[in-house]
Amino acid sequence: LHPGAIVQAAAVISQSVTRGVQVILATHSLDLIDALLDSMSSLGALGDLSVVRTKLKDGVLATSRWVGEEVRTARSSLEMDLR
């Protein structure tokens, strides 16, 4: 998506979540994750954001999950690639 469209998509997704819609999406876009962080924060709904990462290592599927402020910390402090 165009950078402006990413921000618009994040806003629509965030507004849907605040209305009680469960949204599940898959992305490789760190820009979208960052836009969702910003949008959910501005709506006061950061706690409703969850990122689940899956990784196949030696034939074993491992998952890790971050919620709310953990997502922001992983992205900003650790500069973690959550894709």
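Thr27 is listed as a side-chain neighbour of Ile33, based on a closest heavy-atom distance under 4.5 Å.
Scored by the side-chain hydrogen bond (donor to acceptor under 3.5 Å, both in side chains) test, Arg65 finds Ser50 as partners (sequence neighbours excluded). Considering only residues two or more places apart in sequence or on other chains, Glu69 meets the side-chain contact (heavy atoms from CB on, under 4.5 Å) condition with Leu46, Arg72, Thr73. Not counting sequence neighbours, Ser42 has no partner by the side-chain contact (heavy atoms from CB on, under 4.5 Å) test. Partners of Ala9 according to the side-chain contact (heavy atoms from CB on, under 4.5 Å) rule, which considers only residues two or more places apart in sequence or in another chain, are Leu1. Under the side-chain contact (heavy atoms from CB on, under 4.5 Å) criterion, Val21 pairs with Ser16, Val23, sequence neighbours left out.
At a threshold of 4.5 Å between side-chain heavy atoms, the hydrophobic network of Ile, Leu, Val, Met, Phe, Trp and Tyr places Trp66 and Leu25 in one connected group. In terms of hydrophobic clustering, with Ile, Leu, Val, Met, Phe, Trp and Tyr side chains grouped at heavy-atom distances under 4.5 Å, Leu37 and Val17 are assigned to a common cluster. Using a 4.5 Å cut-off between side-chain heavy atoms of Ile, Leu, Val, Met, Phe, Trp and Tyr, with links allowed through other members, Val52 and Leu61 fall into different hydrophobic clusters.
Separation of atoms CG (Leu36) and CG (Asp48) is listed at 12.0 Å; rounding is to 0.5 Å. A distance of 11.5 Å separates CG of Leu43 from CG of Leu49, quoted to the nearest 0.5 Å. Between atom CD1 of residue Ile6 and atom OG of residue Ser39 there is a gap of 13.0 Å, rounded to the nearest 0.5 Å. Rounding to the nearest 0.5 angstrom, the gap separating the CD1 atom in Ile13 from the CD atom in Gln8 is 12.0 Å.
Counting only residues at least two apart or on different chains, no salt bridge (charged side-chain N to carboxylate O under 4.0 Å, His left out) pair has a member in residues 4-32. Legend: salt bridge (charged side-chain N to carboxylate O under 4.0 Å, His left out) pairs involving residues 33-42, not counting sequence neighbours, sorted by first then second residue: Asp34-Arg75.
Between the side chain of Gln15 and the backbone N or O of Val12, no donor-acceptor pair lies under 3.5 Å.
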